[in-house]
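Numbers restart at 1 for each chain; the letters A, B, ... are given by sequence-line order, proteins then strands. Being a predicted model, the structure only gives us computed values, none of them experimental.
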Protein chains: 2
Amino acid sequence: MKKNISTQTAVLDDQDAASFTERFRRGDLFSDQCPSRDVLKHITSRWGVLILVALQGQTLRFSDLRRKIKGVSEKMLAQTLQALESDGFVKRISYPVVPPHVDYSLSALGEEAAQQVAGIANWIEDKMPEITQARQAVAAEREQEAAARAEN
Amino acid sequence: MKKNISTQTAVLDDQDAASFTERFRRGDLFSDQCPSRDVLKHITSRWGVLILVALQGQTLRFSDLRRKIKGVSEKMLAQTLQALESDGFVKRISYPVVPPHVDYSLSALGEEAAQQVAGIANWIEDKMPEITQARQAVAAEREQEAAARAEN
DNA sequence: CAACATAAATTACTTTTAGTAAGTACATGC
DNA sequence: GCATGTACTTACTAAAAGTAATTTATGTTG
């Protein structure tokens, strides 16, 4: 933490400190250091989104998830599941058998989060043709500009 | 691409190749290599979410965004804006004046995307107290388990 | 007239994160 | 006694993000 030099800044910092807890109790994603940023990070992480959508309304084993979410490594799957578990979105139930058997499912909070990210996921899948078209249009524009710059 | 050894796998690969375009025309986020994965990456990237929400319904300059989104570096802001522009979500208008003036706003497609991510953003901010509680509960559980393991 | 400020980047460099491949534990079937 | 299946973990490498200084062109200040 920064040391205060003048009395005035000290007072200002104290006001900040007083509102700090209150400001972060309800999340504020535009604020640096707000814990909600970590939650956003976990939920919207590359594999977090897909895990949440995959587990919506169903229980799956580790290997099921690995098969369903094409391209995820065991390391990242385990890591992301642990992050989501820490946030209370994912429930992990381990049966002490050999070979191991571990079930993953969503908590009530996790199902809510999953609905939100499913919104994005479905929107992207739906609009993918439009997006592809838009990407090509932007790329074409850029080429034209590049050609115009080359003439000078 | 893998070389086919038997005729049978060749046929299977041809089927895959035939359906490849069709399978990816509409996005499939669970498929590896589907272009929709890149779009998801851009939209749900650490700063992508915040940029989309910040630009919802309004035009902002580069420096406005930098001020609004606390903690973003100039490099990452520029980089993420470029990615979102490539996907056709963000419109960039540069006025050739000194000092430079560049306006950023959302396209129709971008506004739709922003609505989706705003859903997550608002949900997190709303539920942050609950999430904080859940996290503490999970942390407490883990400590208990750790203590139980230590007894053995 | 030289120094400085300004907005929007970009570049070089460091640190953090993600990806890859191999290893671990233990019972069961061949 | 060696391969198999499951859910991880670990060591290493590649990629991405963070940090700080530099760029560009011009108008204002001293």
Side-chain angles (χ1 to χ4, degrees), chain A residues 2 31-33 37-51 54-55 59-86 90-105 142 145-146 149 152, chain B residues 2 31-33 37-51 54-55 59-86 90-105 142 145-146 149 152:
Chain A
K2 230 190 296 180
S31 283
D32 201 3
Q33 299 170 328
R37 282 266 178 99
D38 293 321
V39 177
L40 182 73
K41 212 175 187 173
H42 295 161
I43 291 180
T44 64
S45 69
R46 172 154 193 207
W47 306 114
V49 174
L50 300 176
I51 289 173
L55 286 178
T59 295
L60 293 176
R61 300 180 60 171
F62 186 87
S63 49
D64 293 332
L65 284 165
R66 180 142 169 58
R67 265 187 295 277
K68 181 160 191 174
I69 302 172
K70 307 267 164 55
V72 69
S73 68
E74 298 191 334
K75 177 191 152 189
M76 287 313 297
L77 183 55
Q79 204 172 101
T80 309
L81 280 167
Q82 281 164 14
L84 292 174
E85 204 198 340
S86 300
V90 163
K91 284 183 292 184
R92 176 183 182 279
I93 299 173
S94 166
Y95 302 95
V97 294
V98 171
H101 184 138
V102 180
D103 279 345
Y104 288 98
S105 58
R142 285 191 180 166
E145 281 164 31
R149 268 195 308 278
N152 299 354
Chain B
K2 230 190 297 179
S31 283
D32 200 3
Q33 299 170 328
R37 283 268 177 98
D38 292 321
V39 176
L40 182 73
K41 212 177 189 174
H42 295 162
I43 291 182
T44 64
S45 70
R46 173 155 190 205
W47 306 114
V49 176
L50 300 177
I51 289 173
L55 286 178
T59 296
L60 291 176
R61 298 180 60 172
F62 186 87
S63 49
D64 293 332
L65 284 165
R66 180 143 168 57
R67 266 186 296 275
K68 182 159 191 173
I69 303 171
K70 306 264 164 57
V72 68
S73 69
E74 298 192 334
K75 178 189 150 188
M76 288 314 295
L77 183 54
Q79 203 171 102
T80 310
L81 281 168
Q82 280 165 15
L84 293 174
E85 205 200 339
S86 300
V90 163
K91 283 184 294 183
R92 177 184 182 278
I93 299 174
S94 165
Y95 301 96
V97 294
V98 172
H101 183 137
V102 180
D103 280 345
Y104 288 98
S105 58
R142 285 189 181 166
E145 281 164 31
R149 268 194 308 278
N152 301 357

To check you understand the geometry: which heavy-atom pair defines the closest contact between A:Ala54 and A:Leu60, and what is its length?
O-CD1, 3.7 Å

With heavy atoms under 4.0 Å as the rule, sort B:Tyr104 into base, sugar-phosphate or nothing.
sugar-phosphate

Interatomic distance, A:Asp64 CG vs D:dG5 C1' [rounded to whole Å]
13 Å

Spacing of A:Arg37 atom CZ relative to D:dA17 atom P, expressed in whole Å:
15 Å

How would you list, by chain and number, every residue that makes a salt bridge (Lys or Arg N to Asp or Glu O under 4.0 Å) with B:Arg66, sequence neighbours excluded?
B:Glu74

Nearest-0.5 Å distance that lies between atom OH in B:Tyr104 and atom CD1 in B:Ile93:
11.0 Å

If you check every side-chain atom of A:Gln82, which of D:dT6, D:dT9, D:dT26 has the closest atom?
D:dT9

Scan residues 73-81 of chain B against DNA chain C and write down, sorted by residue number, each residue with any heavy atom closer than 4.0 Å; if none is found, say none.
B:Glu74, B:Lys75, B:Ala78

Spacing of B:His101 atom NE2 relative to D:dA25 atom C1', expressed in whole Å:
17 Å

Please state whether the phosphate of D:dT6, meaning OP1 or OP2, lies under 4.0 angstrom from any side-chain nitrogen or oxygen of A:Ser63.
no

About how many Å separate OG1 of A:Thr44 and CG of B:Leu40, when rounded to the nearest 0.5 Å?
9.0 Å

Rounding to 0.5 Å, atoms CG (A:Leu81) and CG (A:Leu65) come to a distance of 6.0 Å

Quantified as the angle between the terminal helix axes (five pairs each), what is the overall bend of the helix from C:dC1-D:dG30 to C:dC30-D:dG1 to 10 degrees?
30°

Once rounded to the nearest 0.5 Å, what's the spacing between atom NE2 of B:His42 and atom CD of B:Gln79?
9.5 Å

Going 5' to 3' along DNA chain C, which nucleotides are the first and last within contact of chain A (any atom under 4.0 Å from a heavy atom)?
C:dA18 to C:dA27

Nearest 0.5 angstrom please: B:Gln82 CD to A:Arg142 CZ, how far?
7.0 Å

B:Trp47 and B:Lys70 have their tightest heavy-atom pair at CZ3-O, 4.2 Å

Quick check for you: to the nearest 0.5 Å, what is the distance between B:Ile69 atom CD1 and B:Leu55 atom CG?
7.0 Å

Select from A:Pro100 and B:Pro100 the residue whose nearest nucleotide in DNA chain C is closer to the 5' end of that strand.
B:Pro100

Can you find a pair of side-chain heavy atoms, one from A:Arg37 and one from B:Leu50, that are under 4.5 Å apart?
yes

Any Lys/Arg nitrogen of A:Asp103 or A:Lys91 sitting under 4.0 Å from an Asp/Glu carboxylate oxygen of the other?
no

Of all residues at least two apart in sequence or in a different chain, which pass the salt bridge (Lys or Arg N to Asp or Glu O under 4.0 Å) check with A:Asp64?
A:Arg67

At under 4.0 Å, does any side-chain N or O of A:Arg66 touch on OP1 or OP2 of D:dA7?
no

Using 30° and 60° as the class limits, which term best fits the ring planes of B:His101 and B:Tyr95: parallel, tilted or perpendicular?
perpendicular

Pull out every residue in residues 38-50 of chain A that has a heavy atom closer than 4.0 Å to any atom of DNA chain C, ordered by number, or say none.
A:Arg46, A:Trp47

